[in-house]
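Just below is one structure, and these are the notes that go with it.
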Amino acid sequence: MNQLVEDFLDAMWLERGLAENTLQSYRHDLNHLEQWADQNGANLLLLSQGQLQDYLAARKDAGFKASSSARLLSAVRRFYQYLHREKMRDDDPSALIMNPKLPKYLPADLSESEVDALLMAPDLDDPIGLRDKAMLELLYATGLRVSELVNLTTDSVSLRQGVVRVVGKGNKERLVPMGEEAMYWIARFFKEARAILLKETSADVVFPSSRARVMTRQTFWHRIKHYAVVANISTQLSPHTLRHAFATHLLNHGADLRVVQLLLGHSDLSTTQIYTHVAGERLKELHETHHPRA
């Protein structure tokens, strides 16, 4: 069975360009499903719709969140679609299984003044502080995912053109404008601190760690939490806090939702619409200004 799962993952990588993190999640979920099947005298290849529903029910009873089961169901669906396509099964047992109902989590809302305080927190006399300042400015200016930020290479940042080239989910590429403030701090970091962090090693990562390597997402978010304490910000930060702030502040200042969708790299507009809840006052103002019966 392990080889069957690996063949499926190889097909997903070749056909859909799924990111390594997604493939790892699929592998993890399918391995757990296989273990459950073994414990219940069943076979992963031959599981029925009823058995898959029993597995999802067992996960719910064990306290797994609906979001976790929804992610697992995505892996399961693709796996059995693959088996059906490759004629290893005559049917797809996952086809009629309903998605679990997910609660709607609204993104944490950072005010513009809180963002300003966070951006002012790093110590600019320290090479690491200057690096963090440039990273925070770029993150807020572009709305990048943290994984996209830490993996940026020097050939993806054009200070002359003022854009950053990002390869996001599904291996999709997009160009995002940086803005003058972020460009200034990146240029200053390149001039004053990057070589110090690289310690005479050769690397194309834009923001190296103190060990002259690619920084992990976890390390960067520990840095942000530290600066939140320095800036006296009480809002509970998440890995997407500044990405949320980027989107909601653009909407507050009148940006078109589809433009924000393109900048964020969302494939579906409905994903972007969650940010409109914090832009309600701005939308109300636009309605009152422009609607003939407002």
Side-chain angles (χ1 to χ4, degrees), residues 1-105 145-151 166-172 209 213-222 238-240 243 265-268 270-271:
M1 281 301 130
N2 284 337
Q3 187 57 51
L4 183 61
V5 171
E6 292 304 317
D7 290 343
F8 158 70
L9 295 174
D10 287 344
M12 291 299 97
W13 178 74
L14 286 169
E15 297 169 10
R16 299 178 179 269
L18 295 184
E20 183 60 31
N21 287 341
T22 303
L23 295 175
Q24 289 285 11
S25 294
Y26 281 12
R27 180 181 290 109
H28 176 269
D29 290 337
L30 291 171
N31 285 341
H32 272 266
L33 177 58
E34 182 181 6
Q35 290 171 14
W36 178 87
D38 289 342
Q39 292 167 3
N40 288 272
N43 184 298
L44 180 66
L45 178 63
L46 303 175
L47 287 179
S48 67
Q49 177 182 326
Q51 288 171 316
L52 289 177
Q53 289 173 324
D54 288 344
Y55 176 60
L56 292 171
R59 286 176 57 86
K60 184 177 181 180
D61 292 342
F64 283 92
K65 293 181 179 179
S67 58
S68 173
S69 293
R71 185 198 69 186
L72 176 137
L73 191 53
S74 175
V76 168
R77 282 203 178 102
R78 285 188 168 177
F79 177 65
Y80 285 105
Q81 287 168 1
Y82 166 78
L83 295 182
H84 180 52
R85 185 192 73 186
E86 297 299 315
K87 303 190 185 309
M88 286 183 265
R89 283 194 63 132
D90 294 330
D91 65 337
D92 175 3
S94 68
L96 298 179
I97 296 178
M98 300 288 289
N99 281 326
K101 188 173 182 179
L102 298 176
K104 291 187 177 180
Y105 294 108
R145 299 177 179 92
V146 176
S147 58
E148 295 169 346
L149 178 73
V150 298
N151 287 299
V166 185
V167 179
K169 289 186 176 181
N171 210 31
K172 294 179 181 178
S209 69
R213 301 173 184 170
V214 174
M215 190 188 309
T216 66
R217 293 173 297 169
Q218 292 80 3
T219 296
F220 181 63
W221 276 102
H222 282 305
S238 76
H240 282 312
R243 182 170 162 87
H266 286 162
S267 58
D268 191 333
S270 63
T271 309

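This structure is a prediction, so every number in the text was calculated from the model and none was measured.
- Residues forming a side chain to side chain donor-acceptor pair (under 3.5 Å) with S25 (at least two apart in sequence, or on another chain): none.
- Qualifying salt bridge (charged side-chain N to carboxylate O under 4.0 Å, His left out) partners for R85, counting only residues two or more places apart in sequence or in other chains: E15.
- Qualifying side chain to side chain donor-acceptor pair (under 3.5 Å) partners for D7, counting only residues two or more places apart in sequence or in other chains: Q3.
- Here H28 pairs with H32 under the side chain to side chain donor-acceptor pair (under 3.5 Å) rule; sequence neighbours left out.
- Residues R78 and F8 meet the side-chain proximity criterion, which asks for heavy atoms closer than 4.5 Å.
- Between L73 atom CG and R59 atom CZ the span is 10.0 Å, to the nearest 0.5 Å.
- Partners of S48 according to the side chain to side chain contact (heavy atoms under 4.5 Å, CB included) rule, which considers only residues two or more places apart in sequence or in another chain, are Q51.
- Applying the salt bridge (charged side-chain N to carboxylate O under 4.0 Å, His left out) rule to D91 yields the partners R89; only residues at least two apart in sequence or on another chain are considered.
- Judged as a salt bridge (charged side-chain N to carboxylate O under 4.0 Å, His left out), and not counting sequence neighbours, E20 has no contacts.
- By the 4.5 Å heavy-atom criterion applied to side chains, L33 and L47 are counted as neighbours.
- Every residue was checked against the ring-ring contact (aromatic ring centres under 6.0 Å, His included) condition with Y26, not counting sequence neighbours, and none meets it.
- Minimum heavy-atom separation, A75 to L30: O-CD2, 4.4 Å.
- With rounding to the nearest 0.5 angstrom, the CG atom of D90 is 11.5 Å from the CG atom of L83.
- The number of heavy-atom neighbours closer than 6.0 Å to CH2 of W13, taken from other residues, nucleotides and ligands shown, is 12 or below.
- In this structure, the side chains of L4 and M88 come closer than 4.5 Å at one or more pairs of heavy atoms.
- Inspection of the Q24 and R27 side chains reveals an N or O donor paired with an N or O acceptor under 3.5 Å.
- At least one donor-acceptor pair under 3.5 Å links the side chain of N43 to the backbone N or O of L45.
- For D38, the side chain to side chain contact (heavy atoms under 4.5 Å, CB included) partners at least two apart in sequence or on another chain are E34.
- Residues satisfying the side chain to side chain contact (heavy atoms under 4.5 Å, CB included) criterion with S94, sequence neighbours excluded, are L52, V76, R77, Y80, D92.
- Applying the ring-ring contact (aromatic ring centres under 6.0 Å, His included) test to F220 and every residue at least two apart in sequence or in another chain returns nothing.
- Residues passing the side chain to side chain contact (heavy atoms under 4.5 Å, CB included) test with R213, sequence neighbours excluded: S209, R211.
- Between T219 and V150, every side-chain heavy-atom pair lies at or beyond the 4.5 Å cut-off.
- You'll find the side chain of L9 reaches within 4.5 Å of the side chain of E6, heavy atoms only.
- With contacts defined as side-chain heavy-atom distances shorter than 4.5 Å, the pair L72/Y55 qualifies.
- Between atom OH of residue Y82 and atom CG of residue D10 there is a gap of 8.0 Å, rounded to the nearest 0.5 Å.
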